[in-house]
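As structure tokens, the structure follows; a few thoughts come after it.
In what follows, residues are counted from 1 in the order of the sequence shown.
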Amino acid sequence: MVQQKIEENRLTQQDHDHLWHAMHKYNPDAPPMIAAHGEGSWFTDMEGNKYMDGVSGLWCLNLGHGQTEITETAKNQMDRLAYFPLTFSHQPAIELSAKLSELLGGGYRTFFSNGGSDANETAFKITRQYHKQTGNPDKYKFISRYRAYHGTTMGAMSATAQAQRRVKYDPGVPGFLHVPPPYAYRSTFNNPEQDDEMAASLLEQVIIWEGAETVAGFIMEPYISGGGVIKPQSDRYLKRVREICDKYNVLLIIDEVVSGFGRTGQMFGYMHAKGVQPDIITTAKGLTSGYLPLGATSIKNEIYETFKENDGNNHFRHVSTYGGHPAACAVALKNIEIIERENIVERVASLDEKILSQLKELESHPYVGEVRDIGFLYGLELVADKTTKEPVSDAYIGSILGACKKKGLILGKNGDTVPQLGNVLIIAPPLTSTEEDLQFLVQTLTEALNAAR
């Protein structure tokens, strides 16, 4: 025990002296939580405290800890072929690209990268080049939605319409525009009943105002995740967006980095809107359940065809050293195999309805303005006044997160997004969470909120 404490103190000091943490304000008096072991939906820190991971790491640990099939697959692949670039080819990348096309309904070509930001950067470059090669050289602008997150690299950050994520990093890449999302609870149009249709109509209006001949693509998550789990009222919104993009020759890029691979109760979030087929789909996170880094940009074959002409600059002059790493691709294939074999997508839909939907009852709480949900993705918007919808303070939402942590539950919030609106609790547990895990989550959060009335 003494030796363990010495080791913990050593690591804590090295962490303090050398490690730069993501998203953390400097606080020398706050020791880091150092994870030591994970199993299923739970992890244990170095002090022996056990926690349920209610946000799947960073929305990525879809199959939870301890999937030995996946770890053995990574080892076996590295024993056979530790690395090989996709300037050439290798079997795991070939088979994964074919599997992704199958899952997406067929007719897709995939470019692999390192993660979600890279996947979106790749989509932007492909889109601009595609339009130049199809006689539309002035199409260079991208439209995205306020509150949405699309990554941290300069292009992806420029598409990210979260003001606090861009402070001190702007100006971003030219040519990125933003429109309001459908958000009936805080309707931009003061018309909650018609919010979806009006949000789509404004997208069309912005394309017209900008000049349709200059707009290359529209990028959106099916359900805004990190911005506060913001969702349209019906699937008609996405269908209307598809119609608008078709009308003005704007490529529809669907960012499935969070919502892909079963989290919403469909294999991909856009599939809730039957009949909609994106031009480009970007994935990461749940693609490997976080076991190894991998991003993917899947493009309709019709778009890829324009890159075949043997002109000096018609090929895609883009490379990712580690994109499509053999072990990462092998892990993704095994991850998808488990998702299909264990009926994870159907399981998510069933357990959402059976257990997680109990969170909707929290709307009766005086400080819960709205509970928004789709599958294993929940956002609880907390307000100090239900009439005015004034957001709760950072201190209040921090107290809820702290109370949950003391009880062994880690949840998230939409931090560093929109000034004064970091008031949404985020819940996104591993898709393999047991019924007991989910009941613990519901009960613990309910107790924390009731204690803070």
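- Distance alone, capped at 3.5 Å, places no donor-acceptor pair between the Gln266 side chain and the Ala273 backbone.
- Smallest separation of non-hydrogen atoms from Val371 and Glu363: N-OE2, 2.8 Å.
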Criterion salt bridge (charged side-chain N to carboxylate O under 4.0 Å, His left out) on Lys308 and Glu305, from CA distance to verdict: CA-CA 5 Å; Lys308 283 183 171 181; Glu305 289 296 315; 3.0 Å; yes

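- Defined by atom type and a distance below 3.5 Å, a donor-acceptor pair is present between the side-chain atoms of Glu256 and Ser259.
- Using modelled atom types and a 3.5 Å distance limit, the side chains of Thr160 and His150 yield no donor-acceptor pair.
- Side-chain atoms of Asp196 come within 3.5 Å of backbone atoms of Gln233 as a donor-acceptor pair (strictly under, hydrogens ignored).
- Distance alone, capped at 3.5 Å, places no donor-acceptor pair between the Asn62 side chain and the Leu431 backbone.
- Two residues are said to be in side-chain contact when any heavy atoms from C-beta on lie closer than 4.5 Å; Pro429 and Leu438 meet this criterion.
- In terms of heavy atoms, Ser113 sits closest to Ala119 at OG-N, 3.4 Å.
- Environment of OH in Tyr169: sparse, with no more than 12 heavy atoms of neighbouring residues, nucleotides or ligands closer than 6.0 Å.
- Between Phe142 and Ile253 there is a side-chain heavy-atom pair separated by less than 4.5 Å.
- Side chain of Thr444 to backbone of Leu441: no donor-acceptor contact under 3.5 angstrom is found.
- Listed here is the closest heavy atom pair of Leu103 and Met267: CD2-CE, 4.1 Å.
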When you look at Phe112 and Leu100, which way does the side chain to side chain contact (heavy atoms under 4.5 Å, CB included) test go after all the steps? CA-CA 11 Å; Phe112 291 112; Leu100 287 173; 4.0 Å; yes

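- Residues Lys139 and Leu251 are not in side-chain contact: their nearest non-hydrogen atoms beyond the backbone lie 4.5 Å or more apart.
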Could you walk me through whether Tyr51 and Met33 pass the side chain to side chain contact (heavy atoms under 4.5 Å, CB included) test, one step at a time? CA-CA 11 Å; Tyr51 301 93; Met33 176 189 285; 3.7 Å; yes

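- Side-chain contact annotation: Glu435 with Gln439, donor-acceptor N/O pair under 3.5 Å absent.
- Side-chain contact annotation: Thr282 with Thr297, donor-acceptor N/O pair under 3.5 Å absent.
- Taking both residues in full, the closest heavy atoms of Leu294 and Ala332 are given as CD2-CB, 3.9 Å, listed atom of the first, atom of the second, then distance.
- Glu353 CD: 12 or fewer foreign heavy atoms inside a 6.0 Å radius.
- At a threshold of 4.5 Å between non-hydrogen side-chain atoms, the residues Tyr108 and Tyr304 do not count as touching.
- A distance-only check finds a donor-acceptor pair linking the side chain of Asn76 to the backbone of Glu72 [under 3.5 Å].
- A heavy-atom distance below 4.5 Å is not found between the side chains of Tyr322 and Pro85.
- No hydrogens or angles considered: a donor-acceptor pair under 3.5 Å links the side chains of Asp437 and Thr434.
- You'll find the side chain of Thr71 stays beyond 4.5 Å of the side chain of Lys75, heavy atoms only.
- Counting non-hydrogen atoms of neighbouring residues, nucleotides and ligands closer than 6.0 angstrom, the NZ atom of Lys386 exceeds 12 such neighbours.
- Ion pair Glu370/Lys389 not flagged as a salt bridge, since none of the NZ, NE, NH1 or NH2 atoms sits closer than 4.0 Å to an Asp/Glu carboxylate oxygen.
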So Glu204 and Arg240, salt bridge (charged side-chain N to carboxylate O under 4.0 Å, His left out) or not? Walk me through it. CA-CA 10 Å; Glu204 181 173 23; Arg240 180 80 180 98; 3.1 Å; yes

Does Arg347 form a side chain to side chain contact (heavy atoms under 4.5 Å, CB included) with Asn343? I'd like the steps, not just the answer. CA-CA 6 Å; Arg347 185 177 187 277; Asn343 297 314; 5.6 Å; no

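- By the 30° and 60° cut-offs, the orientation of the rings of Tyr270 relative to Phe268 is parallel.
- The two residues Pro180 and Ala199 have their closest heavy-atom pair at O-CB, 4.1 Å.
- Using a 4.5 Å cut-off on side-chain heavy atoms (C-beta onward), Ile143 and Val250 make no contact.
- Judged by distance alone, the side chain of Arg145 and the main-chain N or O of Glu221 form a donor-acceptor pair under 3.5 Å.
- Using bins of under 30°, 30° to 60° and over 60° for the plane-to-plane angle, the ring pair Phe84/Phe88 lands in the tilted bin.
- Residues Ser56 and Arg263 have side chains that bring a donor and an acceptor to within less than 3.5 angstrom of each other.
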Could you give me the CA-CA distance, side-chain angles and deciding distance for Glu381 and Arg372, then say whether salt bridge (charged side-chain N to carboxylate O under 4.0 Å, His left out) is met? CA-CA 8 Å; Glu381 182 150 357; Arg372 298 185 287 270; 2.9 Å; yes

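- The backbone N or O of Ile299 sits nowhere less than 3.5 Å from a side-chain atom of Arg109 that would complete a donor-acceptor pair.
- Salt bridge status for Asp373 with Lys360: present, with a side-chain N to carboxylate O gap under 4.0 Å.
- Side chain of Lys285 to backbone of Leu58: a donor-acceptor contact under 3.5 angstrom is found.
- In this structure, the side chain of Tyr248 does not engage the main chain of Val215 through any donor-acceptor pair within 3.5 Å.
- Atom CZ of Phe43 sits in a crowded spot, with more than 12 heavy atoms from other residues, nucleotides or ligands closer than 6.0 Å.
- Ring geometry for Phe111 against His318 counts as tilted: the plane angle lies between 30° and 60°, on a 0 to 90° scale.
- Under the 4.5 Å side-chain criterion, counting only non-hydrogen atoms from C-beta, Leu425 is in contact with Leu445.
- In this structure, Tyr149 has its ring center no closer than 6.0 Å to that of Trp59.
- Arg242 has a carboxylate O that lies under 4.0 Å from a charged side-chain N of Asp279, or vice versa, which qualifies the two as a salt bridge.
- Pairing each heavy atom of Gly324 with each of Leu86, the nearest pair is CA-CD1, 3.8 Å.
- Between the side chain of Asn414 and the backbone N or O of Asn423, at least one donor-acceptor pair lies under 3.5 Å.
- Between Phe176 and Phe124, the ring-plane angle classifies as perpendicular under the 30° and 60° cut-offs.
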Step by step, work out the side chain to side chain contact (heavy atoms under 4.5 Å, CB included) result for Trp42 and Met52. CA-CA 4 Å; Trp42 297 75; Met52 182 183 174; 3.8 Å; yes

